[in-house]
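Residue numbers count from 1 along this sequence.
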Amino acid sequence: MQRQPRFSIITITYNAEKTLEPTIRSILEQDYPNIEYIIIDGASKDGTLKLIDRFRDRIAKVVSEPDKGLYDAMNKGLQHATGDYVWFINAGDALHSPFTVRRITEKIGDTMPDIIYGETALVNQERTFIGMRRLKAPAKLTYKSFRHGMLVCHQSFIAKRALAEPYDLKYRFSADFDWCVRCMKKASVLYNSKLILTDYLSEGLTTANRKASLKERFAIMRKYYGLPTVTAMHAWFLLRALISKLQGETH
């Protein structure tokens, strides 16, 4: 009989009553039995907790208390997780289909890879598909892959719990990038599921947050890949963007 690894799926919420229900339903409607669902809420002041209460008997753990931000809440989720794998699906995002987790387990068989990853679809508030994520997951993933940017969305990156260190709270906007790199550096087997794993709610960062996030990401890249490599990669990013803009203007 095929092994059934346990997936600890963790959702972080704060005042998320308008976006949370599709997230919860996508996880509770999975046709795979061995899922531990954990919700970490930052003491929401809207109807988030009332919504969670409707499903509470099917949720393994609910914590609602003030936190120091998204990544502090994620660290709390890691502390409560008991599964073989940890997987973050935040409010507004969702598992792509009711068969997603089962299909993953069928693909990996009894191999138990250190990291499982896949593709990400983008959806709007009406849950309508609007396209695939621009950065496509590479056929073979290593920690060096992220020199080219975050090629795998955090929501489509599943790590063995044994590899998962706490998020580094000195990064306010890009601790997920750093966390993924650290997980990959420790991993021996990284498995491309070749599946669309998640639907990502595409809302976009504010310009101010985007700039801060890019600055943090540059610092993280420099830490792991060295300044010359990162500088060269960013020069290429700028050149590529310029070429794309010029091509757009000539059509």
Side-chain angles (χ1 to χ4, degrees), residues 1-13 20-41 52-64 70-120 137 141 152-167 175-176 179-180 182-200:
M1 185 176 173
Q2 185 179 313
R3 184 172 181 168
Q4 289 191 323
R6 187 168 175 80
F7 291 81
S8 293
I9 301 180
I10 303 163
T11 295
I12 308 302
T13 67
L20 180 59
E21 185 165 349
T23 306
I24 293 176
R25 287 190 180 279
S26 79
I27 293 156
L28 298 184
E29 291 171 2
Q30 290 297 305
D31 69 345
Y32 179 82
N34 206 4
I35 293 173
E36 172 186 58
Y37 190 29
I38 298 167
I39 296 181
I40 307 294
D41 177 72
I52 292 170
D53 279 341
R54 287 169 40 200
F55 303 95
R56 196 178 279 248
D57 61 331
R58 299 169 63 195
I59 300 170
K61 186 80 178 179
V62 176
V63 175
S64 182
L70 174 65
Y71 299 116
D72 181 44
M74 287 181 166
N75 283 342
K76 291 179 185 179
L78 289 174
Q79 289 168 7
H80 289 287
T82 66
D84 299 293
Y85 290 99
V86 291
W87 189 355
F88 286 92
I89 304 290
N90 289 338
D93 304 325
L95 297 186
H96 184 63
S97 85
F99 323 113
T100 296
V101 181
R102 175 172 56 80
R103 284 175 177 160
I104 290 169
T105 61
E106 287 171 353
K107 285 206 158 211
I108 66 173
D110 293 319
T111 59
M112 295 291 287
D114 297 315
I115 305 287
I116 303 164
Y117 66 100
E119 302 293 349
T120 305
L141 182 70
V152 178
C153 181
H154 186 235
Q155 284 83 342
S156 296
F157 184 97
I158 308 165
K160 265 190 179 168
R161 185 169 60 89
L163 296 180
E165 299 172 2
Y167 289 81
D176 52 347
W179 182 82
C180 288
R182 283 189 283 136
C183 287
M184 289 187 285
K185 284 195 80 169
K186 293 168 70 175
S188 298
V189 180
L190 296 92
Y191 181 81
N192 185 355
S193 69
K194 299 178 182 171
L195 297 169
I196 300 173
L197 298 183
T198 48
D199 293 343
Y200 179 82

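By the ring-ring contact (aromatic ring centres under 6.0 Å, His included) test, His154 pairs with Phe88, Tyr167, Trp179, sequence neighbours left out. Checked against side chain to side chain contact (heavy atoms under 4.5 Å, CB included), Asn192 has the following partners two or more places apart in sequence or in another chain: Tyr117, Lys194. With sequence neighbours excluded, the residues that form a side chain to side chain contact (heavy atoms under 4.5 Å, CB included) with Arg25 are Glu21, Glu29, Arg54, Phe55.
A side chain to side chain contact (heavy atoms under 4.5 Å, CB included) with Trp87 is found for exactly one of Ile27, Val101, Ile10, namely Val101. Under the salt bridge (charged side-chain N to carboxylate O under 4.0 Å, His left out) test applied with Asp114, the options Lys186, Lys160, Lys185 reduce to a single match, Lys160.
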message = His96 vs Thr198, test: side chain to side chain contact (heavy atoms under 4.5 Å, CB included). Steps then yes/no.
response = CA-CA 5 Å; His96 184 63; Thr198 48; 5.8 Å; no
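Looking at Arg58, its side chain does come within 3.5 Å of a backbone N or O of Leu28 through a donor-acceptor pair. Between the side chain of Thr23 and the backbone N or O of Ala91, no donor-acceptor pair lies under 3.5 Å. The backbone N or O of Leu197 sits nowhere less than 3.5 Å from a side-chain atom of Gln155 that would complete a donor-acceptor pair. Panel note: side chain Ser156, backbone Cys153; no donor-acceptor pair is recorded below 3.5 Å. Judged purely by atom type and a 3.5 angstrom limit, Ser8 has no side-chain atom pairing as donor or acceptor with the backbone of Val86. Remark: side-chain polar atoms of Asn75 are not paired, donor with acceptor, to backbone N or O of Pro166 under 3.5 angstrom.
Looking at Arg102 and Asp31, a side-chain N of the basic residue comes within less than 4.0 Å of a carboxylate O on the acidic one, giving a salt bridge.
In terms of heavy atoms, Ala60 sits closest to Glu36 at CB-CG, 3.8 Å.
With 3.5 Å as the limit, one finds a donor-acceptor pair spanning the side chains of Asp41 and Thr13. Side chains of Tyr37 and Thr11: a donor-acceptor N/O pair is present below 3.5 angstrom, by distance only. With hydrogens and angles left out, the side-chain atoms of Thr105 and Gln4 include no donor and acceptor closer than 3.5 Å.
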